[in-house]
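Here's the structure we're looking at; comments come further down.
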Amino acid sequence: MSEHAPAADASAPDAHPNAHASTHHGPTVKAYWIVFVLLAVLTLVEIQIPTMIDAGDRARPSGMLVIGLMVTALIKAGLVAAFYMHLKYDSRTYTYMMIVATIVIMFFLWLLTWGTVGPLDFDLFSSGMTAIASRSA
Amino acid sequence: MSAHVDAPALAAPAATATGLPSRKLAVWLFLGSEILFFSALIFSYIVLRMTSPLPTPADPNPVGMWPTPHEIQHILNIPLTALNTFLLIVSSVSVVMALDAVQKGNKKALTRWLGVTLVLGITFLSIQGYEYVKLEDHGLWFNLLPDELGPQHLNRNVLMATTFFAMTGFHGMHVLAGVIMLLIFFVKAKLGLYTQSDHEGIELFGLYWHFVDLVWIILFTIVYLL
């Protein structure tokens, strides 16, 4: 314990109890816990999805599995960014910065992977083997 | 800077060209660069996996084929990793609770929640270390795939192991960096150095920690479940 912080003051509010209240527009504690429960439930759902949409012996995941899992993961990531990172409440500039960074990297990686990974390799309802076979035909 | 400054002027946030706090803007820019970094790693994995040879009726086990989920998922110990994912989510809650505590001027709760986050971060790293040891026991390492993949395992693509350790290893290093920072924040909170009006460090650290959590949410899905 610091010599400058007496025990009696340790849990007490600071000298200016309203100093931050006027500038704090973030989520409430209740919202934090609701998001936590949602994240926990979504994680439980997520680990069940591969058993519901059997990945089996496929060399590549099926389109349904990719969509099911990525939608769940993106909802979780969105909840973390919006509520825990306060993007929902902060200046929109931060959100735009993240969106721009994501678009830029996706664009350049799309250019770099042109012709190697594309729709022909991504079959929504059947296995990758069917997709590659149809490409070779 | 003038030597004569009024007290209210000290308390007021410095005006910036963007109208945003400079340090917070810098952290967000850093996180933007982290998006580029992790996206490059994840895309490398996706491209290598999607361009690996597929089995055909004529050749059901081509050289360089990616291990199938049935072959690899039980080795990766998904329940343990799901637990680790859950721990990281809990640690995100504890960070926001620490921020909420300091915003309300509750220094005791700030220290407690930072302590909880520290324990969770160390637990995450410990479980990841344990996971790596068990994977090596199975024969899964940077340039090795397990023998138990089957008699034709030599045909499987070893880049699966390389990309797995690259992605999870770099993420683990980010967690380690976060834990080291947490340790400093915890000590400073113990010393009562954060107040209701001066706690920007906690908020900025929280942004980093949540981002690391967010990256793990994506990595867990792509590396372990797909």
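Every chain is numbered from 1, with letters handed out A, B, ... down the list of sequences.
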Within this structure, what is the [atom1]-[atom2] distance for the pair [X] and [Y], rounded to the nearest 0.5 Å?
| X | Y | atom1 | atom2 | answer |
| --- | --- | --- | --- | --- |
| B:Phe220 | A:Leu69 | CZ | CG | 9.0 Å |
| B:Ile218 | A:Met70 | CD1 | CE | 5.0 Å |
| A:Lys76 | B:Thr85 | NZ | OG1 | 6.0 Å |
| B:Leu36 | A:Thr102 | CG | OG1 | 8.5 Å |
| B:Ser92 | A:Tyr32 | OG | OH | 11.0 Å |
| A:Leu109 | B:Ser44 | CG | OG | 7.5 Å |

Of all of [options], which one pairs up most often with chain B through heavy atoms under 4.5 Å apart?
| options | value |
| --- | --- |
| A:Thr72, A:Asp90, A:Leu74, A:Val100 | A:Asp90 |
| A:Leu39, A:Leu42, A:Val104 | A:Leu39 |
| A:Leu44, A:Val29, A:Leu79 | A:Val29 |

Heavy-atom neighbours of B:Phe170 CZ exceed 12 at 6.0 Å: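 Open.
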Heavy-atom proximity to chain B below 4.5 Å, by part of A:Leu87: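 Contact with chain B is through the side chain of A:Leu87 alone.
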Under 4.5 Å from any heavy atom of chain B - which part of A:Met97: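 Only the side chain of A:Met97 comes within 4.5 Å of chain B.
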Engaged part of B:Leu193 at the chain A interface, taking heavy atoms whose separation is under 4.5 Å: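 The answer is neither part of B:Leu193.
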Closest-packed option against chain A by number of heavy-atom pairs under 4.5 Å, given B:Ile35, B:Leu29, B:Thr18, B:Val95: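 Sorted descending by pairs with chain A, the first entry is B:Ile35.
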Shortest non-hydrogen contact from [X] toward [Y]:
| X | Y | value |
| --- | --- | --- |
| B:Ile217 | A:Val80 | CD1-CG2, 3.9 Å |
| B:Leu225 | A:Leu65 | O-CD2, 4.3 Å |
| A:Ile47 | B:Ala82 | CG2-CB, 4.0 Å |
| A:Met106 | B:Ser39 | CE-OG, 4.3 Å |
| B:Gly32 | A:Ala101 | O-CB, 3.9 Å |

Minimum side-chain heavy-atom gap B:Val93-A:Tyr84 below 4.5 Å: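 Touching, per the 4.5 Å side-chain cut-off.
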Plane angle bin for B:Trp28 and A:Tyr94 - parallel if under 30°, tilted between 30 and 60°, otherwise perpendicular: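 Rings of A:Tyr94 and B:Trp28: parallel, as their planes differ by under 30°.
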Audit row: A:Phe83, B:His210, side chain to side chain contact (heavy atoms under 4.5 Å, CB included) steps and yes/no: CA-CA 10 Å; A:Phe83 290 93; B:His210 298 311; over 6 Å; no
